[in-house]
Structures are given as structure tokens and as C-alpha cells.
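Quick notes on the structure that follows.
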Amino acid sequence: MEESQLSIANPIRTNAIIKKFNLRAKKQLGQNFLTNEQAIQGIVDAAELGQADTVIEIGPGIGSLTEKLAQNAGQVYAFEIDDSLIPVLADTLFPYNNVEVINEDILSVDLDNFVKEKNITGPIKVVANLPYYITTPILLQLLDDDINFDKMVLMMQKEVAERINATPGHREFGSLTITVQSRMDAEISLIIDKKSFFPQPKVDSAVVTLSKMDNNKYEIDDFAKFNKFIRACFAQKRKSLWNNLLNMLGRTDEMKQKITSVFEELNISSNARAEQLSITTLKSLFDLLGK
Ligand code: SAM
């Protein structure tokens, strides 16, 4: 088979592309290109793509994942910050007329506006091998947008994936867990070894699948306010929830009395830490104190 017939993620083809364009992976932009075709198939399977779907990809790199997205979805919009990859992508993705590469920093894009401009009406899925230096800001941006994405399949450092997927009582359970899980159903779909990338990152990776909730399970009407409250509950992780709440709400006698009675009502012990409580209990606490 000729090199150009191999998929972009095939190590022989990746190598040839890197040579042809004299590329050097930019560490500061989190450039670790996927060279494991099975891992890419796993990501595409987790996204359950169909022709009705529009995919937003963040950081297409040299197009390894983009190629498979183009083969499986109706339309792909891929945001790439690195100018020098734009001619590379024009070359590697030449056979696909359902891909548009947009040379922009994803963090400066108003996705809500973008979706309106493009007049996208069907399901929208975000699929990406994220640049790890900005995993959390991207996640927060995606969750903050007014768009209720149908699915997000995101490869990230394993440690962040574990925080997202954590359950109460575990060290990893924190404000990021709650910000994500209060909005979307989360699961870890794949664990991916460092060897699946060129160049190899320092850490192992995981693919997290976030799916739209059937309904607003926790009945949160103001996510921004709720997330702010949750961040304050976890502000000093080693301190009790009681202390964090007083720091947030003011250390007055009146407030101490109020918190005591709310804790009694919700059956929370006075020395409990936020990480020990379920999202449902934290939501009740928000309803009684945070609003
Ligand atoms: N998708 C490719 C793959 O799987 O082989 C590349 C993934 S690589 C981990 C991350 C990509 O995100 C790089 O191409 C990098 O240039 C791009 N990137 C980094 N910061 C970005 C930003 N702020 N906005 C858009 N793309 C960004």
C-alpha cells in the first residue's frame, strides 16, 4: 500500500507527514499526536457518530482523529491554534469536503455564536484529543456555553479524567467533579498508554465521555451561581465544610446558627468535609444557603 493510502494516524504516515512539512511538535501547545489507530477507533465509537451529527474538534494537529471524524459524521469543524499546521491539514484532509479547519484559539471562540452563524440544527458533539495544558479551562468553557452538547468525547490526562469521574468520599472528588457531573453524565471510556502518541507525553491518558442528561437531574437553574458556591465549599480542601461556608458567608453568630440548623436538617455532621457529601446533598445545601 502506498504511504498516502495509510490512515494519518498510522506511524509510517505520521512520520512521512512530519518529514514532508519539517514539523516539530510544539510542547507549549500540548502537541502529542495520536499514532494508535485502535485508540482513535475507540474515541470515534464512544462518540456514536452518524451522518446527522456535527462535530466540533479542538486541536486537530495533523488530522489523525479528524480524518476518522470526517468519515463518520456529517460535518466537522476543527479549531486549531497553530498557524503552521493549517497548510498541513489542507494537505492531509484534502479528500474530505465535510471538514472546515478554523485557525483560532478555542478559548477565544464564542461557540454559541458560532453554532448560530453556521446554522447548525442537528446534534452537536465535541470530540477532541485535548491540549493538556488547558484541559480544565476548555472543559469549563464547554460546560459554560449555552449550547447543550449532545456528547463530548475528550481525551485528557488520566489524573483529570479520574477527578471528573470521582465519587464522594474519594480524594479526587472535588469542585471539578461536581461542575461536570451536575451538568452531564460522565464515564471513562478508555485508558490510553503514553506509547500511543508521538512524541510521548509524560502522563497516561484517558478518554472521558460526557453525555447529555435526560433531564436536569439536580434541578439546577443557575449553573454559574451553583459552581461558584461549590468552589467555595471546596476552597480549603483540608478544612471542614463548616469553615469553608463561614468563610464564604461571613463569620457572624447569626450565620453560625443558620448553618447549624441547615446541617441538622440535611443530616450533615459539623466536622464533615465537602468531599464526603453527594451532589444531591450539596445541591440541597446550595438551595438553603447559597442562593
Ligand atoms: N488531534 C491531534 C491528534 O490527536 O493527534 C492533535 C492533538 S494535540 C494533543 C493538541 C492539539 O491542540 C495540537 O494540535 C495543538 O496545536 C492544539 N491546540 C493547543 N492549544 C490550542 C488552543 N488554544 N486552541 C485550539 N487548538 C489548540
Side-chain angles (χ1 to χ4, degrees), residues 6-18 21 23-47 49 55-73 76-93 96 99-111 114 125-142 145 152-161 189-190 192-208:
L6 297 171
S7 57
I8 300 170
N10 183 294
I12 298 173
R13 175 94 189 273
T14 296
N15 238 328
I17 295 167
I18 286 176
F21 290 93
L23 290 176
R24 268 186 181 210
K26 297 189 177 114
K27 239 192 188 168
Q28 72 278 21
L29 290 180
Q31 292 181 355
N32 300 96
F33 304 124
L34 262 170
T35 53
N36 178 335
E37 291 169 88
Q38 259 178 322
I40 290 183
Q41 192 56 51
I43 295 173
V44 172
D45 289 346
L49 296 175
V55 173
I56 293 179
E57 188 192 5
I58 299 159
I62 60 171
S64 327
L65 174 59
T66 326
E67 175 179 56
K68 287 285 175 274
L69 297 174
Q71 288 166 356
N72 289 278
V76 180
Y77 296 106
F79 291 90
E80 175 54 65
I81 196 173
D82 185 356
D83 307 351
S84 66
L85 291 175
I86 305 306
V88 182
L89 288 161
D91 185 71
T92 58
L93 299 174
Y96 305 100
V99 180
E100 188 180 325
V101 175
I102 300 142
N103 187 195
E104 270 185 63
D105 173 352
I106 190 66
L107 293 177
S108 66
V109 177
D110 179 341
L111 285 172
F114 179 81
K125 299 180 176 175
V126 180
V127 185
N129 169 15
L130 293 175
Y132 293 178
Y133 73 106
I134 42 171
T135 299
T136 309
I138 293 177
L139 252 173
L140 297 180
Q141 177 194 13
L142 294 171
D145 258 302
M152 299 194 211
V153 180
L154 307 171
M155 165 117 77
M156 60 188 72
Q157 50 279 57
K158 191 162 149 243
E159 172 253 322
V160 181
S189 302
L190 293 167
I192 297 184
D193 193 273
K194 306 179 186 59
K195 293 194 195 96
S196 301
F197 303 86
F198 177 80
Q200 284 186 25
K202 288 208 177 76
V203 294
D204 282 328
S205 300
V207 176
V208 172

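In each ligand, atom 1 is the first atom listed, and ligand 1 is the first ligand listed.
Leu107 does not count as a contact of ligand 1, since none of its heavy atoms falls under 4.0 Å from the ligand.
Inter-residue side-chain proximity for Asn36 and Phe197 is flagged as unmet; no heavy-atom pair is nearer than 4.5 Å. At a threshold of 4.5 Å between non-hydrogen side-chain atoms, the residues Leu85 and Gln31 count as touching. Two residues are said to be in side-chain contact when any heavy atoms from C-beta on lie closer than 4.5 Å; Asn32 and Pro199 meet this criterion. Put simply, the side chain of Val109 does not reach to within 4.5 Å of the side chain of Ile102, judged on heavy atoms.
Counting protein heavy atoms only, atom 24 (N) of ligand 1 is closest to Ile106 N, 3.0 Å. When only non-hydrogen protein atoms are considered, atom 2 (C) of ligand 1 lies nearest to Pro60 O, 3.3 Å. Closest to atom 19 (C) of ligand 1 among all protein heavy atoms lies Leu29 O, 3.1 Å.
Those atoms of ligand 1 with a heavy atom of Glu57 less than 4.0 angstrom away are 1 (N). The ligand atoms of ligand 1 that sit less than 4.0 angstrom from a heavy atom of Asp105 are 22 (C), 23 (N), 24 (N). Residue Phe33 has at least one heavy-atom neighbour below 4.0 Å for each of these atoms of ligand 1: 5 (O), 6 (C). Interface of Leu34 with ligand 1, defined as ligand atoms under 4.0 Å from a residue heavy atom, comprises 3 (C), 4 (O), 5 (O). Which parts of ligand 1 touch Phe79 is read off a 4.0 Å heavy-atom cut-off, strictly below it: atoms 25 (C), 26 (N).
At a 4.0 Å heavy-atom cut-off, ligand 1 touches Glu104 through the backbone alone. At a heavy-atom cutoff of 4.0 Å, ligand 1 is contacted by no atom of Ala9, backbone or side chain.
In this comparison of Ile102, Leu69, Ile81, the heavy atom closest to atom 18 (N) of ligand 1 sits on Ile81. Compare Asn32, Leu130, Asn129 by their heavy atoms: the one nearest to atom 4 (O) of ligand 1 is in Asn129. Of the candidates Gly30, Ala39, Ser64, Gly61, Gly30 brings a heavy atom nearest to atom 9 (C) of ligand 1. Of the listed options Lys26, Gln31, Glu80, Glu80 places a heavy atom closest to atom 14 (O) of ligand 1.
By the neighbour-count criterion of 12 heavy atoms within 6.0 Å, atom NZ of Lys27 is sparsely surrounded, having that number or fewer from other residues, nucleotides or ligands. Crowding of Ile12 atom CD1: a count of heavy atoms from other residues, nucleotides or ligands under 6.0 Å not exceeding 12.
For ligand 1, one of its N or O atoms has an N or O atom of Gly59 under 3.5 Å away. For ligand 1, none of its N or O atoms has an N or O atom of Leu85 under 3.5 Å away. Every N/O-N/O distance between Pro131 and ligand 1 stays at or above 3.5 Å. Ligand 1 has an N or O atom lying under 3.5 Å from an N or O atom of Tyr133, backbone or side chain.
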Asp91 vs Phe21, side-chain contact (heavy atoms from CB on, under 4.5 Å): CA-CA, chis, key distance, verdict:
CA-CA 10 Å; Asp91 185 71; Phe21 290 93; 3.7 Å; yes
Show your reasoning for whether side chain to side chain donor-acceptor pair (under 3.5 Å) applies to Tyr96 and Gln71.
CA-CA 8 Å; Tyr96 305 100; Gln71 288 166 356; 2.8 Å; yes
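Here the CG-CD distance, from Leu93 to Glu100, works out to 12.5 Å after rounding to the nearest 0.5 Å. Annotation: the span from Glu57 atom CD to Lys68 atom NZ amounts to 13.0 Å, rounded to 0.5 Å. Within the model, atoms CD1 of Ile56 and CD1 of Ile106 stand 7.0 Å from one another, a figure rounded to the nearest 0.5 Å.
Contact record, Pro60 with Phe79: CD-O, 3.3 Å, taken as the closest heavy-atom pair.
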